There are 2 protein chains.
Amino acid sequence: MLNNSQYIEKLRSSGLRPTKQRIKICEILFNSEKTFHFTINELVKRISKSTNDKISLATVYNTVHAFKNKGYLKEIPINSDQSYFDTNTSHHHHFYDETQKDLIDIDDADVEPVKINTRIPGKKIKSVEVLVKVEDDKS
Amino acid sequence: MLNNSQYIEKLRSSGLRPTKQRIKICEILFNSEKTFHFTINELVKRISKSTNDKISLATVYNTVHAFKNKGYLKEIPINSDQSYFDTNTSHHHHFYDETQKDLIDIDDADVEPVKINTRIPGKKIKSVEVLVKVEDDKS
DNA sequence: TTCTACATTATAATAGTTCTAAACTGTTGA
DNA sequence: TCAACAGTTTAGAACTATTATAATGTAGAA
């Protein structure tokens, strides 16, 4: 939970100009107690609910990508018609409920560390992501 | 490595009419010694190389989805501008080389079983997929 | 204040995928 | 065998998420 001046500092310190659009998006994404998942489309809806100053779609895309590049957001690898982002940038994994089309965090403590006993020469591991797909248990 | 009459049987037994388009796509996907990854776009190219009878793009999409639904193909969860499919439907995971935009199988023996110590009530686990993103090691 | 580089914006463009509806074809059963 | 039907293919249009464009606006430095 940060106030605007802290967002301004955060943006400035990472080389992003603290425009009012970016500050507004910071408020929406980072003011919550809880981290959450969203699509661009959902973010646009939240923005239009919380302000009268419309932010253009292009700016939302630009900002989300900028925040992702700075490490303030993570993109969640999932086959979907749209990209999912996560405000929780700490190491953790996800359930994907295929019935509800819903993403759920898996607490990192609930996943044993994934051991990959092979490497690709000349490449270093950037991330290890586990996606657990679930569906309604009708048994 | 199956011959056409075996593909016909395979298709029929899973409730898919063995049309010449589907048989041709079976040949391309399942005649290889090795399993492989592909995008729709790449599959279309392979088809046009191996036959003079053009298969329409819609049919390629339809067929790939039908095969996926029947469990003959797996879709690989990855953020990309296009969907990746895998002819290897056995349990295994992937490296994704972000520099080369290239998918590489991880032999299942090289990954310790992923233990998820939590469940979602009323849901059953359908799959557990690990994606290891790698990049050039410039260190 | 003025300048400049960076941001925002509306809109067009792009690309992957899905939809449509007409033509075609494998299969069934008389 | 062959008619009839349901499933399949097809070209092209439509759709949707995302990116590019280029003009306008603005934050920050001098």
Side-chain angles (χ1 to χ4, degrees), chain A residues 4-5 7-28 37-45 47-48 51-70 72-73 75-85 101 103, chain B residues 4-5 7-26 28 37-48 51-70 72-73 75-85 101 103:
Chain A
N4 285 11
S5 67
Y7 291 133
I8 290 172
E9 195 41 50
K10 175 178 176 155
L11 288 165
R12 222 189 305 257
S13 69
S14 47
L16 298 171
R17 279 195 187 162
T19 64
K20 66 177 190 299
Q21 291 87 347
R22 285 173 175 167
I23 293 164
K24 168 55 72 182
I25 292 173
C26 277
E27 286 173 15
I28 292 169
H37 310 124
F38 65 93
T39 62
I40 296 289
N41 190 31
E42 289 163 358
L43 179 54
V44 166
K45 282 184 196 161
I47 292 168
S48 66
T51 181
N52 293 320
D53 306 334
K54 174 175 183 310
I55 299 179
S56 93
L57 183 59
T59 299
V60 179
Y61 272 99
N62 288 343
T63 303
V64 166
H65 286 144
F67 287 2
K68 180 192 161 193
N69 290 338
K70 294 299 177 183
Y72 303 148
L73 293 172
E75 191 169 1
I76 303 170
I78 190 175
N79 294 113
S80 173
D81 48 352
Q82 51 197 319
S83 292
Y84 278 81
F85 296 90
K101 306 268 179 203
L103 268 167
Chain B
N4 284 10
S5 66
Y7 291 133
I8 290 172
E9 195 38 51
K10 176 179 175 154
L11 288 165
R12 221 188 307 255
S13 69
S14 48
L16 297 172
R17 281 195 187 163
T19 64
K20 66 177 192 299
Q21 292 87 346
R22 285 173 174 167
I23 294 165
K24 168 54 72 182
I25 292 173
C26 276
I28 291 169
H37 310 123
F38 65 94
T39 62
I40 297 290
N41 190 31
E42 289 163 359
L43 178 54
V44 166
K45 282 184 197 161
R46 282 185 192 235
I47 292 168
S48 65
T51 180
N52 293 320
D53 305 333
K54 175 174 182 312
I55 299 180
S56 91
L57 183 59
T59 299
V60 178
Y61 273 98
N62 289 343
T63 302
V64 166
H65 286 143
F67 287 2
K68 180 192 161 192
N69 290 337
K70 295 299 177 183
Y72 304 148
L73 293 172
E75 191 168 1
I76 302 169
I78 190 176
N79 294 112
S80 173
D81 48 352
Q82 50 197 319
S83 293
Y84 278 82
F85 296 89
K101 307 267 181 204
L103 268 168

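Proteins get letters first, then strands, A, B, ... in listed order; numbering begins at 1 in each. Predicted model only: the values in this text are computed from it and were never measured.
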### Task
Specify the separation, in whole Å, of atom CD of A/Glu9 and atom C1' of D/dG28.
14 Å
### Message
When you measure from the side-chain N and O atoms of B/Arg22 to the phosphate of D/dT9, is any distance below 4.0 Å, counting only OP1 and OP2?
### Response
yes
### Query
B/Ser83 near the nucleic acid: base, sugar-phosphate alone, or nothing, with a heavy-atom cut-off under 4.0 Å?
sugar-phosphate
### Task
Compare side-chain N and O positions of A/Thr19 against OP1 and OP2 of D/dA27 and report whether any pair is under 4.0 Å apart.
no
#### Entry: A/Ile47 CD1 - C/dT8 P separation (whole Å)
11 Å
### Task
From the options C/dG16, D/dT9, D/dA11, select the nucleotide whose nearest atom is closest to the side chain of B/Ser56.
D/dA11
### Task
May I ask you to say whether A/Glu27 pairs ionically with A/Lys24, meaning some side-chain N is under 4.0 Å from a carboxylate O?
yes
### Message
Is it the case that the side chain of A/Thr51 and the backbone of A/Ile47 share a donor-acceptor pair, with hydrogens and angles ignored and the cut-off at 3.5 Å?
### Response
no
### Summary
Whole-Å distance, A/Ile23 CD1 to D/dA27 P, equals 9 Å
### Query
Side-chain N or O of B/Lys54 less than 4.0 angstrom from OP1 or OP2 on D/dT10?
no
### Summary
Of D/dT18, C/dA5, D/dT10, the nucleotide closest to the side chain of A/Ile40 is D/dT18
#### Entry: Nearest-Å distance for atom pair CD1/C1', residues A/Ile8 and D/dG28
13 Å
### Summary
Ranking C/dT17, D/dT10, D/dA11 by distance to the side chain of B/Gln21, first place goes to D/dT10
### Task
Give a yes or no on whether the backbone of A/Leu11 and the side-chain of A/Ser14 come within a donor-acceptor separation of less than 3.5 Å.
yes
### Summary
Of the candidates C/dT8, D/dA11, C/dG16, the side chain of B/Ala58 sits closest to D/dA11
### Contact under 4.0 Å: B/His65 side-chain N or O vs C/dT17 OP1/OP2
no
### Query
For B/Leu57 and C/dT20, what is the distance between atoms CG and P respectively, to the nearest whole Å?
17 Å
### Task
Could you grab the distance from atom CZ of B/Phe38 to atom CG of B/Leu103, nearest 0.5 Å is fine?
12.0 Å
### Query
Once you round it to whole Å, what is the distance between P of D/dA17 and CG of B/Asn79?
15 Å
### Message
I'd like to know if the side chain of B/Arg22 and the backbone of B/Arg17 have a donor-acceptor N/O pair within less than 3.5 Å.
### Response
yes
### Query
Is any side-chain nitrogen or oxygen of B/Arg12 closer than 4.0 Å to OP1 or OP2 of C/dT27?
yes
### Query
Of all the nucleotides listed (C/dG16, D/dA20, D/dT9), which has the minimum atom distance to the side chain of B/Tyr61?
C/dG16
### Query
When the distance from NZ of A/Lys20 to P of D/dA27 is rounded to whole Å, what number comes out?
7 Å
### Query
Separation of B/Leu16 atom CG from D/dA6 atom P, in whole Å?
18 Å
